[in-house]
Each structure stands twice: as C-alpha cells, then as structure tokens.
Amino acid sequence: MTFYQTCLGGDLTLIKLGDTPMKVQFPPEKHDRIINAQLKSGAIDFSATDWMASPTLEPKPGNTFSIYVVGEAYDELKTVFDKLADGADQDNRTFIKLHNVPFGSYGQFTDKYGVSWIFKGDKKD
C-alpha cells in the first residue's frame with residue numbers, strides 16, 4: 001500500500017486485525033494482518049485488506065482480490081492509471097487501456113505485484 005501511496009499521494013490509514021473487536025474471531029497468528037488499509041487522495045478513495053482465509057486455502061498473487069478505483073475527473077484517473085500500470089502485465093485479455101464506454105470511462109490491468117485493478121470514471125471530453 002505504501003507503493004500505491006507513492007503513485008496516488010494522499011493519506012494512508014492501516015488498521016491491524018488485533019486492534020479491532022474482530023480479533024476474537026481469528027487466531028492470534030492473524031492479529032498482525034491488516035484488516036483495512038484505506039488510501040484517500042483527492043477524489044480517489046480505495047481500501048484493501050490482507051488475506052484472512054483459513055489456513056487450508058492458499059492465496060495466490062492476484063486471486064485474492066481486485067481493487068476497484070472510481071474517480072470523477074478523467075485526467076486525474078488517467079494519471080493514476082498510467083502510474084500504476086507501469087510494469088503491468090500487458091496480456092490483452094486482462095490489460096484494457098482507460099477509454100470511453102457508454103457508462104463513462106473504464107480500464108483494467110494486473111500490476112507488477114500481481115494485483116488486479118479496475119478503473120471507472122467520467123468520460124474523456
């Protein structure tokens with residue numbers, strides 16, 4: 001999340017599972033995991049969490065979540081999209097440049113860390 005903060009700027013808030021009342025629902029070895037990471041920067045606000053599944057499930061990079069970013073101004077969203085897409089997987093099945101669609105603008109990719117990103121915003125003028 002600190003990498004994403006360098007791309008987006010803004011304020012990053014990290015809350016560990018062990019610092020919440022939810023800790024009683026999980027074993028102590030998960031209490032240092034982040035239950036909520038929230039990054040707010042301008043019109044962009046997104047959250048993420050560490051993998052909390054049972055020990056029998058194996059997390060794989062990219063299969064545990066996607067981050068959905070909604071922004072208003074196309075130019076602001078495009079700037080963030082381009083920064084985060086640096087080093088992204090260029091597979092044309094998963095990499096879609098930010099472009100106009102009937103409901104606004106849309107784009108997606110899997111970043112250099114294996115994280116799936118989805119973007120939606122206003123149409124480009």
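All heavy atoms count here, side chains included; hydrogens, waters and symmetry mates do not.
Expressed to the nearest 0.5 Å, how far OG1 of T13 lies from CG of N36 amounts to 8.5 Å. In this structure, NZ on K40 lies 14.0 Å from CG on L8, to the nearest 0.5 angstrom. Rounded to the nearest 0.5 Å, atoms CD1 (I118) and OH (Y106) are 5.0 Å apart. Rounding to the nearest 0.5 angstrom, the gap separating the CZ atom in F109 from the NZ atom in K97 is 13.0 Å. Here L14 contributes atom CG and R33 contributes atom CZ; the two are 15.5 Å apart, rounded to the nearest 0.5 Å. With rounding to the nearest 0.5 Å, the separation of CD1 in I67 from CG in D111 is 7.5 Å.
Counting all heavy atoms, side chain and backbone alike, M1 lies closest to A48 at SD-CB, 3.9 Å. When every heavy atom of Q108 is checked against every heavy atom of F81, the shortest pair comes out as N-CE1, 3.8 Å. Residue S105 comes nearest to L77 through the heavy atom pair OG-CD2, 4.3 Å, listed as atom of the first residue, atom of the second, then distance. Of all the heavy atoms in K23 and L17, the pair that sits closest is CB-O, 3.6 Å.
Residue K124 places its NZ atom among 12 or fewer non-hydrogen atoms of other residues, nucleotides or ligands, all under 6.0 Å distant. At most 12 non-hydrogen atoms from other residues, nucleotides or ligands lie less than 6.0 angstrom from CG of D11.
Two different hydrophobic clusters hold Y68 and L98 under the rule that ILVMFWY side chains link at heavy-atom gaps under 4.5 Å. Linking Ile, Leu, Val, Met, Phe, Trp and Tyr whenever their side-chain heavy atoms come within less than 4.5 Å leaves F119 and I96 in two separate clusters.
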Problem set entry | Stepwise side-chain contact (heavy atoms from CB on, under 4.5 Å) check, I34 with K16 | CA-CA 4 Å; I34 302 297; K16 290 184 178 183; 4.0 Å; yes
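Residue pairs meeting the salt bridge (Lys or Arg N to Asp or Glu O under 4.0 Å) criterion with at least one member in residues 69-86, sequence neighbours excluded: K78-D82. Note on residues 1-21: pairs passing ring pair (Phe, Tyr, Trp, His ring centres under 6.0 Å), not counting sequence neighbours, are F3-Y113, Y4-W117.
Looking at heavy atoms from C-beta onward, V80 lies in side-chain contact with I44 at the 4.5 angstrom threshold. Looking at heavy atoms from C-beta onward, V70 lies out of side-chain contact with F46 at the 4.5 angstrom threshold.
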